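Reading through the structure tokens given below for one structure.
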Amino acid sequence: QKEVEQDPGPLSVPEGAIVSLNCTYSNSAFQYFMWYRQYSRKGPELLMYTYSSGNKEDGRFTAQVDKSSKYISLFIRDSQPSDSATYLCAMSAGYGSARQLTFGSGTQLTVLP
Amino acid sequence: SAVISQKPSRDICQRGTSLTIQCQVDSQVTMMFWYRQQPGQSLTLIATANQGSEATYESGFVIDKFPISRPNLTFSTLTVSNMSPEDSSIYLCSAIGLVLKETQYFGPGTRLLVL
């Protein structure tokens, strides 16, 4: 079993839809949770960052972390064609050597105009 | 966030040759990492580049195949040695953020094709 599981998709939605992307994990030491967006032929771009459990909102994006269920989500409201990309969840246990990130496999999202 | 550049952005190489990839950060950072991303897959950590000392390699990666240098706090190189077609991949460097110290910022990647 992988430490971080992410549905690879592909996921295709119409413009304006609400998108839900999810990851589950097994390591209870993870405390820092991130979502990266990766456009084709580009490096991953940090999109959202959350510490421990709770919600964080930034514009059309909301990140949720439920540590009790070991489950994290990214919601995209009013999705746009420019949101079409691969979304990677990542997490770490914290400082020092624990700063190493463990990534999910990525979900490929296409938003159709 | 730190701005990270990589050179070359892409290359096509012959089997048995070596390629050195450069990573430059626009400000001093504490930690730098090298990842590999094979087609359609997620990121796999190759090693942590340590300033002034030998890199720390992950399981399955060895120094003879992937020698790494980090002479200062803003620069690192990764060499892919004695390449085979299985080394065809995207190679990414990353650095720990100065503000968000628990996360990483990535360079644009180097796309390598080995024939």
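Every chain is numbered from 1, with letters handed out A, B, ... down the list of sequences. All values reported here derive from a predicted model rather than from experimental measurement.
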Does any donor atom in the side chain of A:S52 or A:Q31 lie under 3.5 Å from an acceptor atom in the other side chain?
no
Would you please say whether a donor-acceptor pair under 3.5 Å links the side chains of B:Q24 and B:D26?
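Short answer, no.
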Counting only non-hydrogen atoms closer than 4.5 Å, does B:Q6 touch chain A with its backbone (N, CA, C, O), its side chain (CB onward), both, or neither?
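B:Q6 has no heavy atom closer than 4.5 Å to chain A.
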Counting only heavy atoms closer than 4.5 Å, note whether B:T48 contacts chain A via side chain, backbone, both or neither.
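For B:T48, the side chain is the part near chain A, not the backbone.
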Could you look at A:Q38 and say if it's the side chain, the backbone, both or neither that has a heavy atom under 4.5 Å from chain B?
side chain
Part of A:Y51 within contact of chain B (heavy atom distance under 4.5 Å):
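Contact with chain B: none, neither part.
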Parallel, tilted or perpendicular: which fits the ring planes of A:Y36 and B:F106, with parallel below 30° and perpendicular above 60°?
perpendicular
Heavy-atom pair count under 4.5 Å with chain B, highest-scoring of A:A90, A:G104, A:P8:
A:G104
Got B:P67 and B:S81 here, is their nearest side-chain heavy-atom distance under 4.5 Å?
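Side-chain contact under 4.5 Å: yes.
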Check ion pair A:R77-A:E57 (N to O, under 4.0 angstrom)
yes
